[in-house]
Number of protein chains: 2
Amino acid sequence: MTTATASGRTLAHPEPGEIRLEAVLHALADPMRMRIVRDLAREEGAELPCSHFRLPVTKSTSTHHFRVLRENGVIRQIYRGTAKLSVLRRDDLDALFPGLLDSVLAAAARQAERLGTDEA
Amino acid sequence: MTTATASGRTLAHPEPGEIRLEAVLHALADPMRMRIVRDLAREEGAELPCSHFRLPVTKSTSTHHFRVLRENGVIRQIYRGTAKLSVLRRDDLDALFPGLLDSVLAAAARQAERLGTDEA
DNA sequence: GCCGTACTACGAGGTCTATCGTACGAGCAG
DNA sequence: CTGCTCGTACGATAGACCTCGTAGTACGGC
C-alpha cells in the first residue's frame, strides 16, 4: 500500500470516461509499450518503478512510452520518493472494455511463444 | 507492378503465420479503419465493395486504408469486375488470437454507444 | 548543505502516416 | 469503339511518432 507520501507532484490521468478505444489500441500497438504492459500484468496489482523494466532504449524514450501509456489510460503512475511507480489500470479497462485487456494479453503471450520473442 | 492477367488480378495477403499482433492493433487503432472493420463485421462473411463504405475521405485515402487492413491481415480482398470486395478475416484472426476480434468489436460498439458516435 | 539517483523537459533527427489531387488502367453499358 | 464508373498509382504535404542527447528538477542520504 503506497501511503501516499504525497509530495505534491501529481500526474494527470484521464478519467475512465475519457479513455478512448483507439487510444488504448494505439498505445498497445507498440512493442515496447506492450512489453511494459505485459510485465505489469504479470505482477498483477504491483507498483513497479520505471527502472524495473530493462528496456533496450534510453531513459528519455522510456519516459515517453510510460507517458503514452498513462495519458491513454492504460496505466496509473504515482510518485514515491525519487521513484515513479506504475500500475496497470485493469479495473477501469475491464469496466470500459470487458475482456479486451485479457484477450490482448493472451494474444501477446501466444504470439511471443509462437515467435520465441518472449522477453523477461 | 500489377501485371494483371485480365481475369485474375490477385492481391498479396499475409499468411496467417505472418500476421503480427502489433500490426493488427495498429490497423485497428485508426477510426476510419475501425469503422470499416465494424461495417464488415456487422454483415459477417459478406463481401462488400469499397464503395459501400461512405467514408468521409477521398478515394485515394480509402484505397490506402483498405490496403493497410489487407497488408496487416485484417481483411481479405478480391476483384470482381470493376469492384474490389472486402471480407473480414475472422477465421484466421480467431485462430491466431482467440477472442481478440470479438472483444475489440464489443469495445468499439460499447464506446460508440457511450459516445453516440455510432455511424452507419 | 552537497551529491547521487530517478526521472523529466526540451529540442532535433529521421521515419512513418494520413490526407489529398491528378493521371491512369480495368471492366461494363451503349 | 466511346464513354462511364471503380479503383490504383504516384507525388506531395503536413503532422505524428520513436528515438536520442543534454540539461534540469525532485528526493533522499551523507
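Just so we're on the same page: letters track the sequence lines, and every chain starts at 1. All values reported here derive from a predicted model rather than from experimental measurement.
Protein atom CD of B:Glu47 is 17 Å distant from nucleotide atom C1' of D:dG7, rounded to whole Å. Following rounding to the nearest Å, A:Arg54 (CZ) and C:dA6 (C1') show an atom-to-atom distance of 14 Å. If you measure from atom OH of A:Tyr79 to atom P of C:dC7, you get 9 Å, rounded to the nearest angstrom. Protein atom CG of B:Leu69 is 10 Å distant from nucleotide atom P of C:dA18, rounded to whole Å. Rounded to whole angstrom, the span from the NE2 atom of A:His52 across to the C1' atom of C:dT5 amounts to 18 Å. Summarising the geometry, the separation between CG on B:Leu55 and P on D:dC6 is reported as 14 Å, rounded to the nearest angstrom. Distance A:His64 NE2 to C:dA6 P: 22 Å, rounded to the nearest Å. Counting to the nearest Å, the C1' atom of D:dA9 and the CG atom of B:Leu11 are 14 Å from each other.
In this structure, A:Ser60 and B:Lys59 both approach DNA chain D, and ranking their closest nucleotides by distance from the 5' end singles out B:Lys59.
Here the shortest heavy-atom pairing between B:Met34 and B:Leu28 reads CE-O, 3.6 Å.
Applying a 4.0 Å cut-off to non-hydrogen atoms, the residues of residues 23-33 of chain A that approach DNA chain D are A:His26, A:Asp30, A:Met32, A:Arg33, listed by residue number.
Among residue pairs with one or both ends in residues 44-57 of chain B, those qualifying as side-chain hydrogen bond (donor to acceptor under 3.5 Å, both in side chains) are B:Glu44-B:Arg90; sequence neighbours excluded. Residue pairs meeting the salt bridge (charged side-chain N to carboxylate O under 4.0 Å, His left out) criterion with at least one partner in residues 56-77 of chain B, sequence neighbours excluded, are B:Arg67-B:Glu71, B:Arg76-B:Asp92.
Nucleic acid contact for B:Thr61: base, since at least one base atom lies under 4.0 Å from a heavy atom of the residue. If you check every strand for non-hydrogen atoms under 4.0 Å, A:His65 touches sugar and phosphate atoms only.
Within the model, atoms OG of B:Ser103 and CG of B:Leu101 stand 8.0 Å from one another, a figure rounded to the nearest 0.5 Å.
Between B:His65 and B:Leu69 there is no side-chain heavy-atom pair separated by less than 4.5 Å. The side-chain heavy atoms of A:Leu85 and A:Leu48, taken from C-beta on, include no pair separated by under 4.5 Å. Between B:Arg110 and A:Leu21, every side-chain heavy-atom pair lies at or beyond the 4.5 Å cut-off.
Of the candidate nucleotides C:dT19, C:dA6, C:dC7, C:dA6 has the atom nearest to the side chain of A:Thr82.
Distances shown here put a side-chain N or O of B:Arg67 below 4.0 Å from the OP1 or OP2 atom of D:dA9.
A donor N or O paired with an acceptor N or O is not found under 3.5 Å between the base of D:dG7 and the side-chain atoms of B:Lys84.
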